[in-house]
Amino acid sequence: WVTDGTEAGTTMFFDPDPTNESRNITGFEFGADGALYVVLQDELFRLADGETTMLAEDVTLSASNDNFSGAGITPYQTGVAFFSNEDNFFGGGLFLATDTLRQLGAIDGLSDFDQSFGLREVNGNLLFSLNSTREARIGSYVYDAAADTLTRYLTTDGDGFFISRWYPM
């Protein structure tokens with residue numbers, strides 16, 4: 001809804017389910033550009049300047065059906081970054097949504113059971129953990145914006161590690 005404070009000046013800006021299909025909003029976040037990004041079932045919308053634009057289909061936020069807070073969407077650069085584990089969506093991975101989409105990093109062989117956690121911006125880069133059905137994907141990852149690379153960090157024994165909770169500093 002958008003309003004000027006009067007009944008006559010109140011209008012619906014975005015109806016997430018105009019056909020009453022009982023679709024779920026699995027994630028939403030205000031982007032760094034001030035736009036509202038909404039994942040409705042598996043469609044990503046951008047709402048800005050009175051316009052609603054569908055940016056993509058087959059988006060599955062990897063933490064939308066689990067018990068982890070923070071899901072996989074966060075303000076970043078001029079929009080939002082999100083993690084999708086849907087292999088039909090460019091193979092899944094880390095993405096940047098503004099008025100377009102860009103894949104920031106791919107992780108091979110993602111499954112619907114893989115779950116990202118704690119996606120957040122740190123010093124202009126992105127940090128998240130991934131719990132997976134395969135040991136080769138479990139780990140904490142950093143997207144380095146300057147180098148445009150996604151790196152998985154391992155323990156000194158070469159094992160992946162999953163950070164289950166972030167605490168504010």
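Model, not experiment: these values are computed from the prediction.
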Trainee: Under the side-chain contact (heavy atoms from CB on, under 4.5 Å) rule, what do Y143 and L150 come out as? Steps first, then yes or no, please.
Mentor: CA-CA 4 Å; Y143 171 73; L150 181 63; 4.1 Å; yes
Trainee: Give the minimum heavy-atom separation between E121 and P75, together with the two atoms involved.
Mentor: OE1-O, 3.9 Å
Trainee: Mind checking what makes side chain to side chain donor-acceptor pair (under 3.5 Å) contact with E43, not counting sequence neighbours?
Mentor: R23
Trainee: Tell me, please, which residues at least two apart from R152 pass salt bridge (charged side-chain N to carboxylate O under 4.0 Å, His left out).
Mentor: none
Trainee: For atom CD of E135, decide whether the heavy atoms of other residues, nucleotides or ligands shown that lie under 6.0 angstrom number more than 12.
Mentor: yes
Trainee: Applying side-chain contact (heavy atoms from CB on, under 4.5 Å), can you list everything that pairs with L36, at least two apart in sequence or on another chain?
Mentor: F28, F30, V38, L47
Trainee: Taking salt bridge (charged side-chain N to carboxylate O under 4.0 Å, His left out) as the test, write out the residues that go with D49, two or more places apart.
Mentor: none
Trainee: Can you list the residues that meet the side chain to side chain donor-acceptor pair (under 3.5 Å) rule with S132, with sequence neighbours excluded?
Mentor: D114, R137
Trainee: For the CZ atom of F82 and the OH atom of Y76, what is their distance to the nearest 0.5 Å?
Mentor: 14.0 Å
Trainee: About how many Å separate OH of Y141 and CG of L127, when rounded to the nearest 0.5 Å?
Mentor: 12.5 Å
Trainee: Would you check, one step at a time, whether the test side-chain contact (heavy atoms from CB on, under 4.5 Å) holds for F45 with T53?
Mentor: CA-CA 5 Å; F45 292 90; T53 306; over 6 Å; no
Trainee: Roughly how far apart are T100 OG1 and L55 CG, rounded to 0.5 Å?
Mentor: 8.0 Å
Trainee: What pairs with T3 under side-chain contact (heavy atoms from CB on, under 4.5 Å), at least two apart in sequence or on another chain?
Mentor: T10
Trainee: Calculate, to the nearest 0.5 Å, the distance between atoms CD and CG belonging to Q115 and L110 respectively.
Mentor: 12.0 Å
Trainee: Quick one: are I138 and N131 in side-chain contact, heavy atoms under 4.5 Å?
Mentor: yes
Trainee: For D108, give me all partners under side-chain contact (heavy atoms from CB on, under 4.5 Å), at least two apart in sequence or on another chain.
Mentor: none
Trainee: Kindly give the heavy-atom pair with the smallest separation between A35 and A48, and that separation in Å.
Mentor: CB-CB, 3.7 Å
Trainee: Measure the spacing between CG of L101 and OG of S84 and express it to the nearest 0.5 Å.
Mentor: 10.0 Å
Trainee: Return yes if a side-chain donor-acceptor contact under 3.5 Å exists between S140 and S129, otherwise no.
Mentor: yes
Trainee: Please list all pairs meeting salt bridge (charged side-chain N to carboxylate O under 4.0 Å, His left out) that have one or both residues in residues 95-104, counting only residues at least two apart or in different chains.
Mentor: R102-D148
Trainee: Can you tell me how far CG of N125 sits from CZ of R120, rounded to the nearest 0.5 angstrom?
Mentor: 14.0 Å
Trainee: Who are the side chain to side chain donor-acceptor pair (under 3.5 Å) partners of T6, not counting sequence neighbours?
Mentor: D4
Trainee: Mind checking what makes side chain to side chain donor-acceptor pair (under 3.5 Å) contact with D33, not counting sequence neighbours?
Mentor: Y37, R46
Trainee: Under the rule for side-chain contact (heavy atoms from CB on, under 4.5 Å), what residues qualify as partners of A146, not counting sequence neighbours?
Mentor: D144
Trainee: Can you name the one residue among L130, I73, L94 that meets side chain to side chain contact (heavy atoms under 4.5 Å, CB included) with L119?
Mentor: L94
